[in-house]
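Each remark here refers to the structure printed beneath this line.
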Amino acid sequence: MNKNTKLNKGIFFVIEGIDGAGKSTQIKMLADWLTASGYDVVVTREPTDESVYGRTIRAGMYGERSTPEEELDLFILDRKEHIRNLIAPALKQKKIVICDRYYFSNIAYQGAAGLDTGDIRRLNEAFSVIPDAVFYLRISVDEGLHRIQNIRNSELTSFEKADFLHKVKEIFDAMADEYFHRIDASVGAKEVSEQVVEIVKEMLYR
Ligand code: TYD
């Protein structure tokens with residue numbers, strides 16, 4: 001095991017997918033693999049727990065929905081603070097940042113809620129750091145919901161209703177940037193992790 005592997009620049013990974021795709025498990029597995037390989041890793045998530053906007057979003061998730069426009073504003077304000085306070089500084093320090101959801105969720109979820117996906121993308125790309133790789137954990141809506149109910153055994157949030165998630169998935173499925181990697185997440189966690197690590201290795205060692 002090599003310790004303190006130095007990078008000459010920061011690397012920014014994003015994990016995306018519908019609810020129940022297994023993001024948390026995969027983030028942990030990727031972070032553990034990177035740490036064991038000697039890299040300095042920061043794991044973070046959106047909506048954040050740090051900004052007043054992120055906390056407002058999380059507090060509202062189980063209740064009445066605000067309008068898609070209000071949601072978009074909150075997610076964007078939260079993301080601006082997140083980039084300024086955490087993501088950009090960590091990348092400057094040449095760390096590897098792994099973010100659980102980013103503006104691709106904004107495009108997919110607020111797009112599914114009726115906003116124009118092109119507009120959401122443009123608004124975000126005007127200020128956001130573009131990731132080096134996005135891992136989209138692809139799973140069916142039925143499987144995703146099944147996993148949430150099994151794991152969490154709790155009520156669904158307003159973002160987790162089946163019809164809505166079908167639209168979210170459709171939008172994720174249509175994304176095609178060259179840094180956007182579609183991963184089959186219907187298989188076991190270990191197999192999914194191997195697919196992710198394979199791509200990461202190629203990026204680190206090329
Ligand atoms: P999630 O990662 O599911 O949080 P947790 O697993 O801790 O409950 O994120 C919360 C919800 O926020 C999720 O259903 C997707 C939604 N979301 C958006 O609608 N737009 C966004 O821009 C982001 C980042 C998340």
Side-chain angles (χ1 to χ4, degrees), residues 12-28 30-31 43-83 85-87 97-131 134-139 141 143-173 175 180 185 189:
F12 186 20
F13 293 132
V14 169
I15 314 284
E16 290 282 6
I18 60 169
D19 305 86
K23 289 183 286 95
S24 314
T25 307
Q26 288 308 317
I27 287 167
K28 182 160 188 328
L30 176 60
V43 175
T44 184
R45 69 172 185 171
E46 289 190 1
T48 71
D49 302 294
E50 286 76 29
S51 86
V52 61
Y53 312 112
R55 289 196 300 269
T56 306
I57 296 165
R58 285 193 182 278
M61 269 172 22
Y62 287 88
E64 188 110 329
R65 269 192 95 146
S66 10
T67 68
E69 288 80 7
E70 284 164 352
E71 274 172 7
L72 179 64
D73 281 349
L74 281 174
F75 280 112
I76 285 191
L77 288 165
D78 185 42
R79 187 163 302 116
K80 283 187 174 159
E81 283 210 1
H82 193 202
I83 294 170
N85 297 339
L86 191 149
I87 297 173
V97 177
I98 305 175
C99 191
D100 184 345
R101 298 193 183 280
Y102 195 45
Y103 67 79
F104 308 90
S105 277
N106 221 175
I107 298 171
Y109 282 77
Q110 279 60 56
L115 301 185
D116 184 84
T117 54
D119 289 346
I120 306 172
R121 182 183 281 270
R122 270 188 296 282
L123 276 172
N124 275 283
E125 288 184 344
F127 69 88
S128 295
V129 183
I130 308 289
V134 178
F135 299 103
Y136 164 42
L137 306 185
R138 188 162 182 272
I139 194 183
V141 171
E143 176 70 12
L145 287 175
H146 183 72
R147 286 189 192 172
I148 299 176
Q149 273 147 346
N150 271 354
I151 300 166
R152 232 174 37 198
N153 198 17
S154 68
E155 72 177 298
L156 299 178
T157 72
S158 53
F159 292 119
E160 294 169 347
K161 304 288 187 275
D163 291 355
F164 182 70
L165 283 184
H166 277 288
K167 291 191 205 146
V168 173
K169 178 171 181 289
E170 229 171 78
I171 300 173
F172 273 135
D173 282 350
M175 293 186 185
F180 194 86

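Whatever order the structure lists ligands and atoms in, that order sets their numbers, starting from 1. Keep in mind that what you see is a predicted model, and the values were worked out from it rather than measured.
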Practice item. Apply salt bridge (charged side-chain N to carboxylate O under 4.0 Å, His left out) to Asp100 and Lys28, showing your working. Key: CA-CA 10 Å; Asp100 184 345; Lys28 182 160 188 328; over 6 Å; no

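- Per-residue contacts place Tyr109 under 4.0 angstrom from the following atoms of ligand 1 (heavy atoms of the residue considered): 14 (O), 15 (C), 18 (C), 19 (O).
- Numbered from 1 in the order shown, with element, the atoms of ligand 1 that lie under 4.0 Å from a heavy atom of Arg45 read 7 (O).
- Other residues, nucleotides and ligands place more than 12 heavy atoms under 6.0 Å from the NE2 atom of His166.
- Checked by atom type, the side-chain pair Tyr136/Asp173 shows a donor-acceptor distance below 3.5 Å.
- Using the six-membered ring where Trp is involved, Phe13 and Phe135 have ring planes that are tilted, between 30° and 60° apart.
- Heavy atoms of Arg79 approach ligand 1 to within less than 4.0 angstrom.
- Sorted by first and then second residue, the pairs that involve residues 106-119 and meet salt bridge (charged side-chain N to carboxylate O under 4.0 Å, His left out), not counting sequence neighbours, are Asp119-Arg122.
- Of the polar atoms of Tyr102, none of the N or O atoms is found under 3.5 Å from an N or O of ligand 1, judged by distance alone.
- Interface of Asp19 with ligand 1, defined as ligand atoms under 4.0 Å from a residue heavy atom, comprises 3 (O), 13 (C), 14 (O).
- The atoms of ligand 1 that sit less than 4.0 Å from any heavy atom of Arg58 are 4 (O), 5 (P), 7 (O), 8 (O).
- Residues Pro47 and Tyr53 fail the side-chain proximity criterion, which asks for heavy atoms closer than 4.5 Å.
- When His82, Arg101, Glu71, Gln110 are ranked by how near their heavy atoms come to atom 9 (O) of ligand 1, first place goes to Arg101.
- Close approach of ligand 1 to Glu46 (heavy-atom distance below 4.0 Å) involves ligand atoms 24 (C).
- Residue Lys23 has at least one heavy-atom neighbour below 4.0 Å for each of these atoms of ligand 1: 2 (O).
- A distance-only check finds a donor-acceptor pair linking the side chain of Glu16 to the backbone of Tyr102 [under 3.5 Å].
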